[in-house]
Amino acid sequence: MNPNLTRRGFLAASAALGAATLLPLRASAQTAPLLLRATRHTLDVDGRAATVFRLANSAGGSGLVLNPGERFRVDLTNDLDIETIIHWHGQIPPNEQDGVPDMPAPMLRSGEVRSYDYAPISGTFWMHSHVPVQEMQLLAAPLIVRSAADLTADRQEVVMFLHDFSFRPAEEVLAEITGTAAMAGMDHSAATTGAPAGGMAMGGMSMPMGGMAMGGMAMGGMAMDLNDFDFDAYLANDRTLGDPEVVAVENGGRVRLRVINASAATVFWIDTGLVEGRLVAVDGHPVQPLTGRRFGVAMAQRLDIELDLPKGASAFPLLALREGARERTGIILAAPGAEVARLEGLGDTPHPAFDTDLAQESALRAVTPLPTRPVDRMEMVMLSGSMQPYVWAINGKTWGNHQPITATSGQRVELMFHNMSMMAHPMHLHGHVFQVVAIGNRRFAGAMRDTVYVPPMASVTIAIDAGEAARWMLHCHHMAHLASGMMTEFAVSA
C-alpha cells in the first residue's frame, strides 16, 4: 500500500464507484515535469454526445495534484488545431508564466510545447484557458496543491468541479448574451480595441433598459439581474444529476470537499443536505471554520468544506444549486450498502440570490491575515454596465481604452470595488493574494482571496501587497462581461 495514502483514501481508491473524484497521493519524489495537454474530449450529457475541450493529464484524466515541496513543473502541449494559453488561477507564478495572451507570452501555437516551473501555493486552485470561448468549452481542470497537514489527515478528499454547458458553439452563446458578434478571444496585449459594437461604456450608474436577464430578482425595489443565459446543462465533474458521479465513502468517515466553480456565468449554492458542513478555506486559503448546510460560490471561487458523515448505509447528495433558478447539479457520497435514489435536475422552487447583503463574506475570517502595516495607496474602482447595450466597464472604460491601476512593488494598496450596476461581478486579480478588509464602511479582517464577489449596489474593499513589477490582469470572471471589455491592469512598477 502507498504509505502516504490514508485508510479512507485507500478505501475510496479501491472502490468501483467515484474513483475519479479521489485525489490519490503520489509516493515518488518529483523527478520529471508533469504533462498537460490541451485537447478535445467527448462527454455524454444526458444521453447526448458533446465534444468539448479538455486539459488532460498524463493518465488522460483531468487535473493535477502536487504534494508539499513539489514545484509546479509542467510541460503543456497544445494538441488543438487553434492557439490557446492556460492561466494557473490563484497561483503566483512569474509574470511571464501567468497565462494571459501576450502579457507577455504569446498563445501556444498548435503542436507547441511550453514549460512552466515555479513554487506553488498550497490549497484548492484550478487552471483554465484565458480565452473566454475556450473556457466556456470546458478547457479547464482542478489544480490541487496539498499541505503537510493534508498528508497526515485521516480523511478522504473529493473534488466537485462545476460547469455551465451549452451544446451550441460558445461564440453563438456569447453573441446571444451580448447582442454582438462574439469574439473568438480577447486581445489582451494592445490597447487598440474600444467598446464592442452595441454601445459605449458608461462611467456612472447604468440601469438595465429592457432585455432583462433571466432570473431577475428584486433588491430594494430594483430589478437585480442574476442570469443572462439559460445553459443546456449544469455539470459536476462533467456529469448531470441524471447520471451523477457516486463517490464511495467510509461509513462514518470524514470528507474534505473541494468545490471549484469553473462556470462561465453561474453562481451556485453548495447544499450539503443531511450533513452539516464546516467551511474551512476559500480560494485555497484557510478561514476560521464556518458551519452551515448551504454556502455560496461565485464564478472562479473555491470552497473547502469538511463533512463528518453519520454512521449507516446512507447516501449523501451534495448539490450545487443555480441561484435565481431551479436548476441543480451535484455528486453523491455513498457509504457501503447505501441505496442511491435518483434526483431530479430541477428543484421545486427557484433558489435565492447569493449574498446580496454580503452576509457570507462578512462572516469569513482569515486564519493568516496580511501583516498589519500602513496603507500606501487607496483607490476606488467603479464597476458599471447594463444589459442593453451589453457593455460592462471598469472606471467607465472597457479593455483597450482602459486606464491601468498603478502601484509600486512592495506597496500596501487598498482597492474599493464599488458596483453601480444591477449585476454582480466576481473580480479576479492575477499574480496576487489579497484580503477582504471592508464591506461598505465596516472594516474587518476578512478572508484571503484571489476572486471577490461584489453584488449590485455594494462596495467591497481589498488589501494587496503589490508583488512583481509587471502588468497583471484585473477583471470580472463572468465570461460575457470579460468578453465585452470588463478588464483592466494592475500595473506594478519597480
Side-chain angles (χ1 to χ4, degrees), residues 6-24 43-47 61-63 124 138 142 144 155-165 231 233-263 266 268-279 292-297 302-323 325-348 351:
T6 65
R7 176 171 55 91
R8 291 171 184 159
F10 177 74
L11 172 69
S14 304
L17 295 176
T21 58
L22 179 74
L23 298 173
L43 297 181
D44 182 320
V45 181
D46 288 335
S62 178
T124 301
L138 313 194
I144 309 301
R155 66 190 177 210
Q156 180 176 337
E157 295 192 1
V158 175
V159 166
M160 181 190 290
F161 198 60
L162 300 171
H163 280 295
D164 40 25
F165 170 79
F231 288 84
Y234 298 86
L235 308 178
N237 299 341
D238 290 343
R239 298 164 79 161
T240 69
L241 275 182
D243 179 28
E245 184 159 33
V246 179
V247 184
V249 294
E250 184 181 6
N251 190 331
R254 174 172 289 180
V255 168
R256 186 180 185 110
L257 177 68
R258 298 182 184 264
V259 180
I260 302 168
N261 187 354
S263 65
T266 304
F268 292 101
W269 290 100
I270 305 305
D271 192 323
T272 61
L274 300 173
V275 185
E276 185 172 69
R278 293 183 302 277
L279 180 61
R293 283 183 168 82
R294 184 172 286 192
F295 305 96
V297 59
R302 288 87 67 208
L303 304 177
D304 284 35
I305 303 170
E306 286 190 345
L307 303 166
D308 289 321
L309 305 179
K311 286 187 176 295
S314 300
F316 306 97
L318 303 177
L319 300 181
L321 316 175
R322 182 189 181 205
E323 72 161 346
R326 296 170 55 204
E327 289 87 356
R328 59 188 188 176
T329 187
I331 62 176
I332 298 174
L333 308 182
E339 181 178 342
V340 178
R342 180 179 173 84
L343 296 173
E344 297 297 328
L346 290 176
D348 294 332
H351 312 117

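The chain is numbered in sequence order, starting from 1.
Atom CG of L307 sits about 11.0 Å away from atom CD of Q156, to the nearest 0.5 Å. Atom CD of E250 and atom CG of L333 lie 13.0 Å apart (nearest 0.5 Å). Note: W269 CH2 to L319 CG = 14.5 Å, rounded to the nearest 0.5 Å. Once rounded to the nearest 0.5 Å, the distance linking OH of Y234 with OG1 of T329 reads 10.5 Å. The CG atom of L343 sits 12.0 Å away from atom CG of L346, with the distance rounded to the nearest 0.5 Å. In this structure, F295 CZ and I270 CD1 are separated by 10.0 Å, a value rounded to the nearest 0.5 Å.
Results of the side-chain hydrogen bond (donor to acceptor under 3.5 Å, both in side chains) test with T124 over R258, E157, R256 single out R258 as the only residue that passes. For the side-chain contact (heavy atoms from CB on, under 4.5 Å) with F165, the qualifying choice from D238, V45, T240 is V45, the only one to do so. The side-chain contact (heavy atoms from CB on, under 4.5 Å) test with L257 is passed by exactly one of I331, V275, V247, L279: I331.
A salt bridge between R322 and D164 is absent, with no side-chain N of the basic residue lying under 4.0 Å from a carboxylate O of the acidic one.
Heavy atoms only, all atoms of each residue included: L162 and A236 are closest at CD2-CB, 3.9 Å. Smallest separation of non-hydrogen atoms from I332 and P244: CD1-CG, 3.9 Å. When all heavy atoms are compared, the tightest approach of L274 to A315 is CD1-O, 4.3 Å. Closest approach of P310 and N251 over heavy atoms only: O-OD1, 4.2 Å. L321 and R294 get closest at one heavy-atom pair: CD1-NH2, 3.3 Å. Minimum heavy-atom separation, G252 to K311: CA-CG, 3.9 Å.
N261 places a side-chain N or O within donor-acceptor distance of the main-chain N or O of T266, the cut-off being under 3.5 Å. Of the possible donor and acceptor atoms, one in the side chain of R342 sits under 3.5 Å from a partner among the backbone N and O of G242. One N or O on the side chain of N237 and one on the backbone of F161 form a donor-acceptor pair closer than 3.5 Å. With hydrogens and angles disregarded, a donor-acceptor distance shorter than 3.5 Å links the side chain of H351 to the backbone of A325.
At a threshold of 4.5 Å between non-hydrogen side-chain atoms, the residues L318 and V255 do not count as touching.
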Worked check of side-chain contact (heavy atoms from CB on, under 4.5 Å) between R254 and L309: CA-CA 6 Å; R254 174 172 289 180; L309 305 179; over 6 Å; no
